[in-house]
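Take a look at the structure below.
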Amino acid sequence: MLSASISTPPPLPRPRSPLPSPHSPHSAGPRRTRRTSPSPTASAPRSPQPAGPCSTARTAIPWNPPNVSRTLNSRFSIPASSINAMSMTPLEEIRHSCSHVLATAILRVFPDAKLDIGPPTESGFYYDIDLEHKLTQEDLARIEAEMKKVIEENQAFTRKEVSREEAVEIIKKVGQERYKLGRLDDIPQGEAISFYQNGEFIDLCAGTHVRYTKQIKAFKLLSIAGAYHRGDEHNKQLQRIYGTAFASKDELAQHLERMEQAKLRDHRKLGRDLKLFVIDEDVGQGLILWTPAGSIIRQELQTFILAELQKQGYSQVFTPHIGKLALYKTSGHFPYYKESQFTPLVDPDQLARIAGEGCSCADMTARLDAVSESFRQEINRRSGREVIPVERTKADESLLDGFLLKPMNCPHHIKIFASQPHSYRDLPIRLAEFGTVYRWEQSGELNGLTRVRGFTQDDAHLFCTEEQVGQEVLGCLSLVKIVLSTLGMSDYRVRVGLRDPDSNKYTGTKENWDKAEAACREAAKTLGVSFTEEPGEAAFYGPKIDFVVRDVIGREWQLGTVQVDYNLPIRFDLSYIGADNQQHRPVMIHRAPFGSMERFCGVLIEHFGGDFPVWLAPEQVRLVPISEKTLDYGRGLLDQFRASGVRATLDEHNDKLGAKIRRAEVDKVPYTLILGGKEAEAQAVSVRSRAKGDEGVLPFAAFHERLLGEVRNRSLPDKKKA
RNA sequence: GCCAACAUAGCUCAGCUGGUAGAGCAACGCUUUCGUAAAGCGUGGGUCGUCGGUUCAAUUCCGACUGUUGGCUCCA
């Protein structure tokens with residue numbers, strides 16, 4: 001969901017998997033869009049995974065690079081060239097070796113287990129095994145105990161290079177043909193084939209390893225998960241055991257402690273504790289109900305970005321939550337992406353009519369998907385190629401129309417643009433909307449605020465000339481940068497998706513692409529942060545720039561995105577009149593600095609750990625009278641705060657001061673004002689800030705001014721006291 | 001969608017091998033009128049996620065469903 005999804009669909013019906021087959025021995029392995037292992041720290045290093053897994057030669061990377069995000073519209077992988085199995089760090093060697101120890105132990109406990117692969121990951125390691133027996137927590141304990149024995153035996157790791165024939169022999173001898181032979185096939189001809197042996201266990205493996213098992217000083221098995229062989233859901237699902245290992249017991253303990261701490265920042269927990277949002281089973285999975293407190297945060301963010309948009313010459317628009325199916329057939333989104341859309345709505349009359357015709361479910365689907373011959377010809381003519389195949393056409397009278405809960409906002413905005421003729425003098429036209437979109441995410445993928453089925457993008461579509469693309473992309477990036485810097489978010493990475501030079505799947509001319517890519521690259525350079533260029537990761541319609549952040553458990557999420565699009569202007573036949581009095585095709589830019597408000601807020605909650613800056617805090621000030629005697633003084637101050645727009649509350653509970661202060665701290669209110677007789681006397685307040693604790697007494701007016709200043713400046717909270 | 005685990009009061013959790021439920025916090029009431037992270041006493045609150053099965057008896061055992069969590073797949 002997110003942000004990203006503002007992009008447009010491909011011009012062609014395309015195969016379900018446009019990616020290189022993970023089975024291809026020369027591919028970089030299954031591409032994935034999410035990390036492979038839980039990582040407790042958001043600050044974990046981002047370097048490309050340098051290590052290769054077991055059971056693979058160094059150029060075949062059948063495991064999943066961790067440095068990838070679950071993003072919506074992009075899949076990216078680590079190029080094989082960036083991965084060198086021979087350059088493992090010492091920690092990776094420990095983890096990689098630990099995964100061999102795990103395999104050794106598994107085979108002792110379950111001799112019939114068939115092994116697949118067991119690489120190190122960013123925060124640990126795993127091994128994928130095929131086993132009839134369903135592993136349980138108790139099995140994990142047994143395996144862990146056996147692993148300790150293997151380590152205690154202090155087995156030496158020895159490397160052996162063999163010929164392909166010998167390799168087959170060894171694999172057969174140890175009865176691991178089921179997956180290992182396939183892994184052997186992945187190793188390109190001419191590459192060295194090596195095995196590593198420790199004790200009785202021998203494994204096809206490029207290395208490297210520690211020298212003795214006793215060098216694994218601290219490890220822990222963490223969890224069991226299902227994982228498809230080679231990451232392909234058509235393959236058998238294997239059992240994956242995750243674990244982690246460190247150079248010392250202390251580091252392991254620290255790591256586990258960090259994982260525990262991270263859980264306290266989890267936006268799902270904080271969202272419940274601070275009453276920011278709820279998800280109700282009766283409303284539906286992945287559908288966010290923003291409570292009053294959470295709505296304040298979202299509203300403040302919107303107000304903030306709205307002011308920035310105004311400065312940059314955007315126009316605000318509103319569009320409905322649904323649109324006709326035909327609209328999305330023109331855009332090309334339907335039916336190619338219908339698995340990730342809510343089922344179309346068909347009006348009652350049509351439903352009654354087709355029911356009368358005895359229309360089956362399959363008929364209905366076919367008639368919803370179909371287009372008329374004239375429509376097909378028109379879109380193909382505009383696109384200059386066969387983007388809608390003849391098989392999709394049906395006679396006009398059998399066509400069925402309906403409405404789609406909109407999965408993206410672009411078609412609506414395009415229709416606003418197209419509603420009038422435009423001169424080149426009008427451009428760029430920038431149409432912005434907090435547009436709510438709906439996507440049918442798989443149930444297993446839903447996650448708090450970060451992966452939902454209905455979300456609001458801070459979306460906008462810019463219509464400009466080709467010459468203006470560079471400047472406009474720059475403007476979009478500056479918006480993203482303003483957002484991130486205002487919120488003190490510096491822990492993100494930037495990805496520039498470029499076209500694959502060897503592929504011809506892209507729309508548009510080479511000249512346009514060169515220009516657009518150069519614009520993206522140049523624009524990214526101005527960010528002052530490092531970015532990765534990822535060839536083959538462009539959308540088919542244009543290059544893009546994505547901002548990716550991590551949540552507390554280390555999962556990456558795409559937030560802001562800027563995408564250049566040559567495709568939709570063609571499909572919708574957009575034009576403007578140039579200085580030469582001829583019609584020209586505008587270029588579109590899709591962009592969303594936050595991405596989705598839901599996902600952004602989820603990440604933001606974790607970023608601040610619930611300690612929001614004053615301007616965002618749902619409750620900015622808590623007034624705490626020491627006793628009932630100063631309640632009236634508190635009520636007076638409350639009125640003054642509210643009159644000036646400050647979100648303040650008065651604690652009228654009949655509790656001791658300490659209890660009221662504790663409550664304010666637990667509620668993470670930035671400022672608590674203690675009101676006793678002395679303060680009332682002097683029209684003053686005793687200030688206690690969340691960040692610094694007791695700050696002493698200030699005249700009310702002085703504090704009020706300071707507070708308003710912090711709100712105005714969108715000041716970030718001070719570092720919390722230890 | 002797939003694999004696995006989990007689902008007891010608003011929250012955090014207890015409840016051994018079946019005999020219809022408890023604690024702390026929160027809420028509410030009373031007492032207390034308090035100076036920087038938890039005053040005392042009392043009260044209310046649960047059809048143990050839903051539906052079905054086994055049983056004399058199910059929160060407990062079995063199944064399905066729903067939801068959550070961690071992975072996998074997907075992600076316009």
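To find a chain, count down the sequence lines: A is the first, B the second, and so on, and within it residues start at 1.
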For a quick test of reading the model, state the closest non-hydrogen atom pair linking A:Leu462 to A:Arg591 and the distance between them.
CD1-CG, 3.9 Å

Listed partners of A:Ser627 passing side-chain contact (heavy atoms from CB on, under 4.5 Å), at least two apart
A:Lys629

Of the candidates B:G70, B:A38, B:U68, the side chain of A:Gln285 sits closest to B:U68

So do A:Arg555 and A:Asn447 actually touch side chain to side chain, heavy atoms under 4.5 Å?
yes

Check side-chain hydrogen bond (donor to acceptor under 3.5 Å, both in side chains) between A:Lys236 and all other residues, then give those that pass, not counting sequence neighbours.
A:Asp130

Could you tell me how far apart A:Ile661 (CD1) and B:C34 (C1') are, to the nearest whole angstrom?
11 Å

What distance, rounded to whole Å, do you find between the two P atoms, one in B:C13 and one in B:C6?
15 Å

Per nearest nucleotide of RNA chain B, the residue lying toward the 5' end, A:Ala227 or A:Val666, is A:Val666

Could you tell me which residues satisfy ring pair (Phe, Tyr, Trp, His ring centres under 6.0 Å) with A:His133, sequence neighbours excluded, listed by chain and number?
A:Phe110

Which comes earlier along RNA chain B counting from the 5' end, the contact point of A:Gln341 or that of A:Gln442, where each point is its nearest nucleotide?
A:Gln442

Sticking with atom C1', work out how far B:U8 lies from B:U43, rounded to a whole angstrom.
22 Å

Which nucleotide sits closest to the side chain of A:Asn447: B:G70, B:U36, B:G71?
B:G70

My understanding is that only residues two or more places apart in sequence, or in another chain, count here; which of them pass side-chain hydrogen bond (donor to acceptor under 3.5 Å, both in side chains) with A:Thr291?
none

With sequence neighbours excluded, what pairs up with A:Gln137 under the side-chain hydrogen bond (donor to acceptor under 3.5 Å, both in side chains) test?
none

Give, ordered by number, those residues of residues 619-632 of chain A having at least one heavy-atom distance below 4.0 Å to an atom of RNA chain B; if nothing qualifies, reply none.
A:Ile626, A:Ser627, A:Glu628, A:Lys629

Taking the cut-offs as 6.0 angstrom to the six-membered ring centre and 45 degrees off its axis, would you call A:Arg550 and A:Trp557 a cation-pi pair?
no

Would you verify whether the NZ or CZ of A:Arg95 falls within 45 degrees of the ring axis of A:Phe125 while also being under 6.0 Å from that six-membered ring's centre?
no

Within a reach of under 6.0 Å around NZ of A:Lys324, are more than 12 heavy atoms found that belong to other residues, nucleotides or ligands?
no

From the list B:U36, B:C72, B:G70, which nucleotide is the closest neighbour of the side chain of A:Arg555?
B:G70

Whole-Å gap separating C1' (B:C72) and CZ (A:Arg451):
13 Å

Can you list, in residue-number order, the parts of residues 131-143 of chain A that come under 4.0 Å of RNA chain B, counting heavy atoms only?
A:Lys134

Rounded to the nearest angstrom, tell me the gap between atom CG in A:Leu238 and atom P in B:G71.
18 Å

Reckon A:His653 has a side-chain N or O less than 4.0 Å from the OP1 or OP2 of B:A27?
yes

Shortest non-hydrogen separation from A:Asp667 to A:Leu274 and the atoms involved:
O-CD2, 3.9 Å

Interatomic distance where CG belongs to A:Asp651 and C1' belongs to B:A37 [whole Å]
13 Å

The nucleotide from B:A39, B:G35, B:C72 with an atom nearest the side chain of A:Tyr228 is B:C72

Describe, in one word, how the ring planes of A:Tyr328 and A:His333 are oriented to each other, choosing from parallel (under 30°), tilted (30 to 60°) and perpendicular (over 60°).
perpendicular

I need the CG-P distance between A:Asp128 and B:C72, as an integer number of Å.
10 Å

If the threshold is 4.0 Å, N to carboxylate O, is there a salt bridge linking A:Glu665 and A:Arg662?
no

Can you tell me if the side-chain N/O atoms of A:Arg663 get under 4.0 Å from OP1 or OP2 in B:A37?
no

Are there any protein N/O atoms within less than 3.5 Å of an N/O atom in nucleotides 10-12 of chain B, and if so, which ones and at what distance?
unit_1 : atom_1 : unit_2   : atom_2 : d
B:U12  : OP1    : A:Arg272 : NH2    : 3.0

Integer angstrom distance from the C1' of B:C16 to that of B:U59
15 Å

With side chains defined as the heavy atoms from C-beta onward, is the minimum distance between A:Leu135 and A:Ile241 less than 4.5 Å?
yes

Under 4.0 Å from any atom of RNA chain B, heavy atoms only: list the residues of residues 275-283 of chain A that qualify, in numerical order.
A:Glu281

Both distances under 3.5 Å, Watson-Crick or G-U wobble: on that basis, could you give the dot-bracket string for RNA chain B, with [ ] for crossing pairs and | for other-strand partners?
(((((((..((((.....[..)))).(((((.......))))).....(((((..]....))))))))))))....

Nucleotide nearest A:Ser443 (side chain, heavy atoms from C-beta), chosen from B:G35, B:G1, B:C28
B:G1

If the cut-off is 4.0 Å, is A:Asn235 near the phosphate of B:C72, judged by side-chain N/O to OP1 or OP2?
no

Side chain to side chain donor-acceptor pair (under 3.5 Å): pairs with one or both residues in residues 672-687 of chain A, sequence neighbours excluded
none

Picking from B:A27, B:A37, B:C74, which would you name as closest to the side chain of A:Arg688?
B:A37

Phosphate-side-chain proximity, A:Tyr242 and B:C72, N/O vs OP1/OP2 below 4.0 Å:
yes

What's the closest nucleotide to the A:Asp655 side chain, out of B:U36, B:A37, B:A39?
B:A39

Looking at A:Gln239, does any N or O in its side chain come under 4.0 Å of the phosphate oxygens OP1/OP2 on B:A4?
no

Whole-Å gap separating P (B:U36) and CD (A:Glu679):
12 Å

In whole Å, measure the gap between the C1' atoms of B:U50 and B:U68 for me.
15 Å

Applying ring pair (Phe, Tyr, Trp, His ring centres under 6.0 Å) to A:Phe572 and not counting sequence neighbours gives none

Round to a whole Å and report the spacing from NZ of A:Lys660 to C1' of B:A39.
12 Å

Separation of B:C2 P from A:Lys236 NZ (nearest whole Å)
17 Å

Please measure how far the P atom in B:G45 lies from the corresponding atom in B:C2, and state the result in whole Å.
41 Å

Under 4.0 Å, counting only non-hydrogen atoms across every strand here, what does A:Gly676 touch: a base, just sugar-phosphate, or nothing?
base

